[in-house]
2 protein chains.
Amino acid sequence: MSSVLSNLNNGSAPGAGAGASASGPSPTFSPLYQQIKALITQSLQSGEWKPGELIPSEVELAARFKVSQGTVRKAIDELAQENLVVRRQGKGTFVATHHEVRAQFRFLRLMPDEGEPHSADNRVIDVKRLRAPAEVARLLEMKSGDPMIFIKRVQSFDGVPTILEELWLPGVLFKGLTAERLIEYKGPMYGLFETEFGTRMIRATEQLRAVCADEHAAQLLEIAQGTPLLSVERVSFTYGDKPVEVRRCLYLTTTHHYQNELS
Amino acid sequence: MSSVLSNLNNGSAPGAGAGASASGPSPTFSPLYQQIKALITQSLQSGEWKPGELIPSEVELAARFKVSQGTVRKAIDELAQENLVVRRQGKGTFVATHHEVRAQFRFLRLMPDEGEPHSADNRVIDVKRLRAPAEVARLLEMKSGDPMIFIKRVQSFDGVPTILEELWLPGVLFKGLTAERLIEYKGPMYGLFETEFGTRMIRATEQLRAVCADEHAAQLLEIAQGTPLLSVERVSFTYGDKPVEVRRCLYLTTTHHYQNELS
DNA sequence: CAGTGGTCTAGACCACTCC
DNA sequence: GAGTGGTCTAGACCACTGG
C-alpha cells in the first residue's frame, strides 16, 4: 500500500499531514514531500536518470509514490531550487548538467571588468598521481596518503594568463583521468567529470584571501613576483554532501574581478 | 469586486488561473500570487508594517485580497526566500530586520580562519558631507555633484585592525546622520539605517579584487605598505532594486577569509 | 484553548511544447 | 490534440505558540 513512506493515508477522506501518529515511538519524522525529494535524489545519484535526461512527469511520479501531484511538485520545486533539476514548461523536468551555459557561471565567478565573459583557453601544466597531503585528506574526509590525482593548469583570457589552479581529486573516483583526456576535452571540466566519471558537482564552498604571487606563480602567470593575487580555496561536494574536490586557485584581478551577490 | 487584481473569478466554480482572458488586448499579465507579492512588498516599503513587526496572518491577507490562502502563501513563500520576511510557525510572519544575529552575516562574509566570529569594534575615522564623484553617482543612479554623506571607519577584531571601509550614502536619505550617531549606536550599521532613517538594505552586489595596501591604508590598518588586501566594492539596494549605498572595503586576510557558498 | 504557519489532497483551468 | 509544468481554489488535518 503506502510504499515505504511514513504516510498514513488510509480509507477515509483526503487530508493527510505527515508527522507522528498514535502508534510507535518513532523518533524522527519528516514531511512527505521531503521523503519524496530524498527518493528522487537517490534516483539522480544512482544514475537512473542521467544528466540532461528527462525525468518522469509529476503525475507519473505521484502515481509511483502514491501521493498527490502537489506533494511531488513541492519536492521537485526544492530540487529545482538547489539546481539538481531544471523545469521546462510544456516539456518536462530535466536532470541538471554542467554542459550548459547556464551552469557554467555558477562555479566561475571571475568576470571581466568590461564586456562579456569570454571562454578561457586552458593549458594543462601537470597531471600526476600523488598521495593525499594531510590538509587535503582532512578536507575530503579521507586518509592522509590515500591515492589522489593532482592537476595543475593555467587559464587565459584573450591570451592573458589569468587563473592558476591546482586540483586534488580522489584517485578512486577518477581512475582513467589523464592529461590527454583533459586537454582534448572540449567544454567545462565539471562536464567531463560528470559524463566520463559519473561524479557531478552539486555545490561548493570557497574561502577568499589576498596574497602575493610567489616565484612559481609569477612565472606561470607571467607577472612580477609580489603581484597581489586573489586566492580562492574551494571544496566541491557531490550528492549526499560528500566532498570530492579540493582546488586552490590564484586569480589575477587586474582586468577581472570576482563577482558575488549578497541576497 | 475583484479589487484591483487581474483575477477574473466570478460566480462559477473554483479554479481560476490568471493570464489573459477573451476580453481586452491587455499586453502583460502576471500570476495572481506575483501581484499579491507586489502588494505586500508595497506595504513593507511604505512602512505600513515596520521591521520586526508581525504582518497580518495568511487568512487575513487572503480575505483582504479576495484570493485563496494558498495564493497568499505562495507570495509570502517567495518573500521569505528573499529575506524580506521571516516565518515563524505558530507565531506568524514578521518583517525581517537587521537587528538579528541571523541577518548580520548575510552582509559580512569575513570570517576568522579559526574559532567563532567575534563582534567587531568600530572606530569612526571620518564623517563628511561631500558632492558625489562621477563614479559614485553612476553606481547610485544619481547626478554627479549631488549631496552625499561620506563615512570612513576601521573595524578591529580582538584589537587587530582588519577592515577599512569608505561609504557613500545619498545625503537626501540620511540627513541627520552624524559621527556621534554612528559612534554611540550599538549594533549593526544597517540596523541604524533601518530604524533611524527608514532605509532597509535588501541585497547587495560585490566585486572582489586583490590589491596592495597604499600608504594611507597601511597606516590605518597598522600594516606594512604593499601588504596584499582584499578589495570589496559593494553596491547595496533597497526596495525596488534602488541602489542606496556604495562601499569600498579593504579586508586584511591574514587571519580572516571571505567565505562564500556556490550553490 | 484559539490562532498561526506547515503539510496534504483533489480537482480545475491555464500556457506552453511538440506532433 | 495530448502531455507537460504553472496557477488557483477549497478544505482538511497537523505542529507549534501563546494565553
Side-chain angles (χ1 to χ4, degrees), chain A residues 2-3 5-22 26 28-37 40 53-63 65-81 85-94, chain B residues 2-3 5-22 26 28-37 40 53-63 65-81 85-94:
Chain A
S2 66
S3 74
L5 308 178
S6 309
N7 190 8
L8 307 172
N9 320 359
N10 307 19
S12 53
S21 81
S26 0
T28 59
F29 276 95
S30 70
L32 244 191
Y33 75 88
Q34 288 287 2
Q35 303 176 42
I36 305 292
K37 182 181 167 189
I40 296 176
E53 285 182 8
L54 189 64
I55 77 171
S57 73
E58 295 180 356
V59 274
E60 191 175 334
L61 289 172
F65 297 132
K66 296 197 165 67
V67 299
S68 82
Q69 182 181 353
T71 302
V72 171
R73 164 161 283 271
K74 183 147 187 182
I76 296 182
D77 275 346
E78 291 202 353
L79 292 173
Q81 191 162 1
V85 298
V86 177
R87 320 191 76 143
R88 296 196 207 288
Q89 175 166 134
K91 293 190 184 176
T93 302
F94 297 79
Chain B
S2 65
S3 74
L5 307 178
S6 308
N7 190 10
L8 308 172
N9 320 0
N10 307 19
S12 56
S21 81
S26 357
T28 60
F29 276 97
S30 70
L32 244 191
Y33 75 88
Q34 289 287 3
Q35 302 177 41
I36 305 294
K37 183 182 165 190
I40 297 176
E53 285 181 8
L54 188 64
I55 77 171
S57 73
E58 295 181 356
V59 274
E60 191 175 335
L61 289 172
F65 297 132
K66 296 195 165 67
V67 298
S68 83
Q69 181 179 354
T71 301
V72 171
R73 163 162 284 273
K74 184 147 187 181
I76 295 182
D77 275 345
E78 291 202 354
L79 292 172
Q81 192 163 1
V85 114
V86 177
R87 319 190 74 141
R88 297 196 205 288
Q89 175 167 129
K91 292 190 186 175
T93 302
F94 297 78

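Below, chains carry the letters A, B, ... as their sequence lines are ordered, and counting in each starts from 1. Bear in mind that the values here come from a model prediction, so they are computed numbers and not experimental data.
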Please report the distance, rounded to the nearest Å, between [atom1] in [X] and [atom2] in [N].
X: B:Lys91; N: D:dG18; atom1: NZ; atom2: C1'; result: 9 Å
X: A:Ile36; N: C:dT7; atom1: CD1; atom2: C1'; result: 13 Å
X: B:Gln34; N: C:dC14; atom1: CD; atom2: P; result: 20 Å
X: A:Gln89; N: C:dC14; atom1: CD; atom2: C1'; result: 9 Å
X: B:Arg88; N: D:dC16; atom1: CZ; atom2: P; result: 16 Å
X: B:Lys74; N: C:dT7; atom1: NZ; atom2: P; result: 15 Å
X: A:Gln35; N: C:dT7; atom1: CD; atom2: C1'; result: 12 Å
X: A:Gln69; N: D:dC8; atom1: CD; atom2: C1'; result: 13 Å

Nearest nucleotide by nearest heavy atom, which residue falls closer to the 5' end of DNA chain C, B:Ile55 or A:Ser68?
->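 Per heavy-atom nearest nucleotide, the more 5' residue is B:Ile55.
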Want to settle it: does A:Thr71 or B:Leu54 sit nearer the 5' end of DNA chain C, counting the closest nucleotide to each?
->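 On the 5' side of the pair lies B:Leu54.
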From the options D:dG18, D:dG5, C:dT9, select the nucleotide whose nearest atom is closest to the side chain of A:Arg73.
->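 For A:Arg73, the side-chain atoms sit closest to D:dG5.
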Taking the side chain of B:Tyr33 as its heavy atoms from C-beta onward, which of D:dT7, D:dG6, C:dC8 lies nearest to it?
->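 Minimum distance to the B:Tyr33 side chain belongs to D:dT7.
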Write down the atom of [X], the atom of [Y], and the distance for their closest heavy-atom approach.
X: A:Phe94; Y: A:Leu54; result: CZ-CD1, 3.5 Å
X: B:Val59; Y: B:Gln69; result: CG1-OE1, 3.7 Å
X: A:Thr71; Y: A:Tyr33; result: O-CB, 3.6 Å
X: B:Lys37; Y: B:Ala75; result: N-CB, 3.8 Å
X: A:Ile76; Y: A:Glu58; result: CD1-CG, 4.1 Å

Within the structure, does a side-chain N or O atom of [X] lie under 4.0 Å from either OP1 or OP2 of [N]?
X: A:Arg87; N: D:dG6; result: yes
X: B:Thr93; N: C:dG5; result: yes
X: A:Ser57; N: D:dT4; result: yes

